[in-house]
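What you see below is based on every heavy atom in this structure, not just the backbone, and it leaves out hydrogens, waters and symmetry mates. In each ligand, atom 1 is the first atom listed, and ligand 1 is the first ligand listed. Note that the numbering runs from 1 along the sequence shown for the chain.
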Amino acid sequence: MRSVFTIIICVLLQTPTLNSDIYCDSENETCTRDISGEKFIFYDVNPPEGFNLRRDVYMRFAIMLAEAKRNGRKRNWHLVLPPWHNLYHWKNDKSDPIPWSSFFDTVLLKSYTSVVELHEVFSNIQELKIDRLYVLQNYPNAFENGDFTEKWKVADTCNNYERSFWGYKNISVKEEICINFQGKISQLWDVIALHPADKHVMFSHGEIPLHDTYGTKTYWDCRRSMVFNKQLIEKSEQYISKYLNCHTKLCSNYLSVHWRRQDFAQYRKNKVPSIAGTARQIDKAIKNFNSYIYKVYVATDAPFSVLRQLETELTYYGYTVFYYLPSDDDIETFKDGGLAIIDQIICSHAAYFIGTHESTFTYRIQEEREILGFYSTTTFNRFCPDKGQCEKPSKWTIVH
Ligand code: GFB
């Protein structure tokens, strides 16, 4: 009788907030816990990882939260968007942490699941003490006994982890726990359950947990909510309209390429083409696809002198080459991250696209084109090395 009474009280206590994932257990005395408290997941990513892998890591966390909420759980949990700070590839943006709104439409991100910018967390508090920082680390041998199994455990030894907290000096941690982790991200809920009263939980090395499911409708629902912000879209559309003379979303009059160089050209020489080989492949693709196309948009991280060499080669074939040359104002306004996004948007709208094998920058363009509705044959194309094998690109088509 006493336990039925306790359950009723607990239900009454919880109903008005509609905001708790705490299930009152009649057998223990936890019913008095604060059920109105909001809870936050923070995460960060291995410092050398670039912008476009980080976008995927975000999706893993966002989907983990959205799926739990879809099942009626974790209603008072929010995901904190880690500011963009000190990214290895962004040579000009090393100073202040950049909020997600500088790149994305955060209203749409929030419509997918409950996400907040870090500065929003600070709108209520001066100082943040994270209850538990879980430092995720790989198992020394992922394929123990020949199998990759899902597992995690509190680790006996901790790898070196340098806390930076995106440059914020008013963030600290009460306790740090190292976790060997392998497999799906939803296992993190079990890690969180180690300390159910925690309100601020952080995971470092957020890139280690994997998607529960990749390329499914769930994946694409989240992906579709990652829309670039209005200014970046407008800037890109102005360029497409003014220079490429296309005034619709699905352009028919230019080909685009993502020509990843830098570390790819240096360390993956046998996977990327030479400059002359690149021009040859572009020419071949245009002749096969639509020989009336004569405009080629090049997005690249190559030094300008190398880009000019590609331009010379393509001009020799009779093509007009376009690339986005930011003004000083553009650099100031959009920063390295925004300028790269402008390149991605312009590539997304082209009649035909060729990307760089195993570049996440290319993958995100391919996803954008799937969302726009291009035929997949115009999207999943890659540059091949001049000689040797050229694996087919993986093809992740949209699921509605
Ligand atoms: O996004 P990202 O990590 O993709 O590329 P990958 C690295 C960064 O290089 C981008 C710049 O975020 C941009 O800042 N970048 C690359 C570009 N391509 C372009 C481009 O066409 N235009 C402009 N404006 N900028 C990963 C790396 O790169 O590849 C890892 O992050 C590692 O560190 C791995 O090197 C092999 O997947 O291409």
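- Each of the atoms 12 (O), 14 (O) of ligand 1 lies under 4.0 Å from some heavy atom of Trp90.
- When heavy-atom distances to ligand 1 are checked against a 4.0 Å cut-off, Asn52 comes that close through both its backbone and its side chain.
- When hydrogens are left out, the protein atom nearest atom 35 (O) of ligand 1 is Asp263 OD2, 2.4 Å; that is the closest non-hydrogen contact.
- In this structure, atom 13 (C) of ligand 1 lies nearest to the protein heavy atom Ala340 CB, 4.0 Å.
- Of all the atoms in ligand 1, the ones that sit under 4.0 Å from a non-hydrogen atom of Gly50 are 3 (O), 31 (O).
- When each atom of ligand 1 is checked for a heavy atom of Ser359 under 4.0 Å away, the hits are 6 (P), 37 (O), 38 (O).
- Near Ala299, with a cut-off below 4.0 Å to any heavy atom, the atoms of ligand 1 are 21 (O).
- Inspection of the Glu367 and Tyr219 side chains reveals an N or O donor paired with an N or O acceptor under 3.5 Å.
- Using a 4.0 Å cut-off between charged nitrogen and carboxylate oxygen, Lys235 and Asp330 count as a salt-bridge pair.
- Protein heavy atom in closest approach to atom 10 (C) of ligand 1: Phe361 CD1, 4.0 Å.
- Close approach of ligand 1 to Thr360 (heavy-atom distance below 4.0 Å) involves ligand atoms 2 (P), 3 (O), 4 (O), 6 (P), 37 (O), 38 (O).
- Below 4.0 Å from some heavy atom of Pro48 lie the following atoms of ligand 1, by number and element: 33 (O).
- In this structure, Trp100 has its ring center under 6.0 Å from that of Tyr58.
- For ligand 1, the atoms lying closer than 4.0 Å to a non-hydrogen atom of Thr300 are 19 (C), 20 (C), 21 (O), 22 (N), 23 (C).
- The protein heavy atom nearest to atom 34 (C) of ligand 1 is Phe264 CE1, 4.1 Å.
- Contacts between Gln266 and ligand 1 below 4.0 angstrom, taking non-hydrogen atoms only, are absent altogether.
- Separation of the Tyr134 and Phe203 ring centroids falls under the 6.0 Å cut-off.
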